[in-house]
Asker: 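Can you read through this structure? Questions will come right after.
Below, chain A is the first sequence line, B the second, and so on; all start at residue 1.
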Amino acid sequence: MPELPEVEVVRHGLEPAVTGARIDAVEVLDERSLRRHVGPSEDFIERLTGATLLGAVRRGKFLWLPIAGPSVLGAEPPQEALVAHLGMSGQVLLRDVDAEASALTRVRFALTHPVHGPLRVDFVDQRIFGSMAIDGLLPTPDGAAAGYGMPLASIPSQVAHIARDPLDPAFDERLYRRRLAAKRTTVKRALLDQTLISGIGNIYADEALWAARVHYDQPTETLSARKSGELLAEVRTVLRRALVEGGTSFDAQYVNVNGASGYFSHSLRAYGQQGTPCARCGRLIVREQFMNRGSHFCPRCQRIR
DNA sequence: AGCGAGCCCTGCGCGC
DNA sequence: TGCGCGCAGGGCTCGC
């Protein structure tokens with residue numbers, strides 16, 4: 001599901017609810033959702049119960065909630081965080097304390113916020129490709145804030161290999177362009193490589209490639225510096241636009257923390273548009289199998305050259 | 001280094 | 001109506 005805009009919508013909704021909130025209780029309804037947690041679910045529950053959450057941070061498609069250190073004064077920087085990845089179908093929902101959990105709820109948290117009072121956070125995930133874990137925080141190599149949401153220069157160890165995303169002020173565009181040019185691969189594969197540039201998934205890769213008129217299978221070393229710059233600009237544009245519209249929802253699988261859908265599906269020009277005319281030239285959009293998924297593009301506007 | 005395949009899963013919509 | 005198949009916003013690991 002969720003790519004950068006959808007995860008950011010979730011982070012943004014979660015931030016005011018969890019910042020400064022204390023975890024009163026944790027319920028693990030399906031252990032498979034803790035696949036990436038090192039240790040048993042009892043350990044996950046024990047370490048979180050009574051802990052205070054400090055905020056909500058995102059890099060690419062990863063989300064984490066730093067946990068207050070043991071100091072009563074809270075003067076020490078946090079040492080660990082609750083890390084969440086939504087996978088293909090994960091949701092984080094804010095619910096009333098007495099609301100029924102849906103059948104697909106995998107982990108539930110009861111929180112008390114100093115201002116808003118008691119609330120519940122449900123981690124819902126149909127396919128269980130998403131996960132939650134407690135993870136240690138490491139200093140960022142460049143000393144900059146690790147992600148969007150808190151000015152904290154430390155990152156969960158599980159997220160350390162993930163590149164900064166293109167909306168991150170500390171995203172190093174020169175480094176990205178250099179690494180992209182040095183790669184011996186094709187351009188969509190590179191856009192989906194989260195260790196090169198993060199936050200882009202199948203939808204926004206196809207949308208940005210369409211906007212930049214680049215074929216998904218174009219070898220990266222044949223992409224001119226100018227085209228490469230245009231493509232990155234289109235990536236940023238499409239991510240920002242999708243964010244403004246609340247993300248892309250095709251069905252109930254993607255919703256914000258209040259259960260509402262996003263509107264960007266109405267703005268898609270390539271993804272899922274096979275058989276409909278290209279908005280630029282009128283030629284029918286084509287869908288091809290690529291990396292075990294669909295790639296959608298205009299055969300006239302987007303050619304390998 | 002890069003790539004394809006396989007794996008982790010559930011549920012939906014479609015065609016027969 | 002029922003069933004099988006293909007499809008789905010991701011990512012990690014392995015062997016070539």
Asker: A/Lys188 has an atom NZ; how far is it from atom C1' of B/dG2, in whole Å?
Answerer: 18 Å
Asker: Which whole-number value in Å describes the distance from A/Met88 CE to C/dC7 P?
Answerer: 13 Å
Asker: Does a side chain donor of either A/Tyr254 or A/Glu3 reach within less than 3.5 Å of an acceptor in the other side chain?
Answerer: no
Asker: In whole Å, what is the span from the CZ atom of A/Arg36 to the C1' atom of C/dG10?
Answerer: 10 Å
Asker: Under 4.5 Å between any side-chain heavy atoms of A/Asp122 and A/Ser102, yes or no?
Answerer: no
Asker: Is it the case that atom CG in A/Asn258 sees more than 12 heavy atoms from other parts of the structure closer than 6.0 Å?
Answerer: yes
Asker: Within the structure, does a side-chain N or O atom of A/His85 lie under 4.0 Å from either OP1 or OP2 of C/dG11?
Answerer: yes
Asker: Nearest-Å distance, CZ (A/Phe290) to C1' (C/dC7)?
Answerer: 18 Å
Asker: Between A/Phe44 and A/Trp64, is there a shared hydrophobic cluster once you connect ILVMFWY residues whose side-chain heavy atoms come closer than 4.5 Å?
Answerer: no
Asker: Heavy-atom distance under 4.5 Å between the side chains of A/Glu245 and A/Ser267, does that happen here?
Answerer: yes
Asker: Let me know the distance between CG of A/Leu192 and P of B/dC3, rounded to the nearest Å.
Answerer: 12 Å
Asker: Without decimals, in angstroms, what is the distance between A/Leu180 CG and B/dA1 C1'?
Answerer: 15 Å
Asker: What is the ring orientation for A/His215 with A/Phe297, classed by angle as parallel under 30°, tilted 30 to 60°, or perpendicular over 60°?
Answerer: perpendicular
Asker: Below the 4.0 Å mark, does C/dG11 have OP1 or OP2 next to a side-chain nitrogen or oxygen of A/Gln194?
Answerer: yes
Asker: Determine, for nucleotides 5-12 of chain B in 5'-to-3' order, which nucleotides have protein heavy atoms under 4.0 Å from the base (write B), from only the sugar-phosphate (write S), or from neither (write -).
Answerer: ---BBBS-
Asker: Given atom CG of A/Asp217 and atom C1' of B/dC3, what is their separation to the nearest angstrom?
Answerer: 12 Å
Asker: Can you check whether A/Gln274 reaches A/Val286 side chain to side chain, under 4.5 Å on heavy atoms?
Answerer: no
Asker: How close or far is atom C1' of C/dG10 from atom CD1 of A/Ile200, stated in whole angstroms?
Answerer: 14 Å
Asker: Do the side-chain N or O atoms of A/Lys183 get closer than 4.0 angstrom to the phosphate oxygens (OP1, OP2) of B/dA1?
Answerer: no
Asker: Rounding to the closest angstrom, what is the interatomic distance between C/dG10 and B/dA1 at atom P?
Answerer: 25 Å
Asker: Counting just side-chain N and O atoms, does A/His161 come under 4.0 Å of either OP1 or OP2 of C/dG11?
Answerer: no
Asker: Among A/Arg59, A/Arg58, A/Lys61, whose salt bridge (charged side-chain N to carboxylate O under 4.0 Å, His left out) with A/Glu8 holds?
Answerer: A/Arg58
Asker: Picking from C/dG11, B/dC3, B/dG2, which would you name as closest to the side chain of A/Arg189?
Answerer: B/dC3
Asker: Answer whether the closest heavy-atom distance between the side chains of A/Asp30 and A/Asp125 falls below 4.5 Å.
Answerer: no
Asker: For A/Phe250, answer base if it contacts any base atom (sugar-phosphate contacts may also be present), sugar-phosphate if it contacts only those atoms, and nothing otherwise; contact means non-hydrogen atoms under 4.0 Å.
Answerer: base
Asker: Indicate the ring-plane relationship of A/His296 and A/Tyr271, choosing parallel, tilted or perpendicular according to the 30° and 60° boundaries.
Answerer: tilted
Asker: Where each pair must be Watson-Crick or G-U wobble with both distances under 3.5 Å, what dot-bracket representation of DNA chain B is obtained, with crossing pairs in [ ] and other-strand partners as |?
Answerer: .|||||||.|||||||
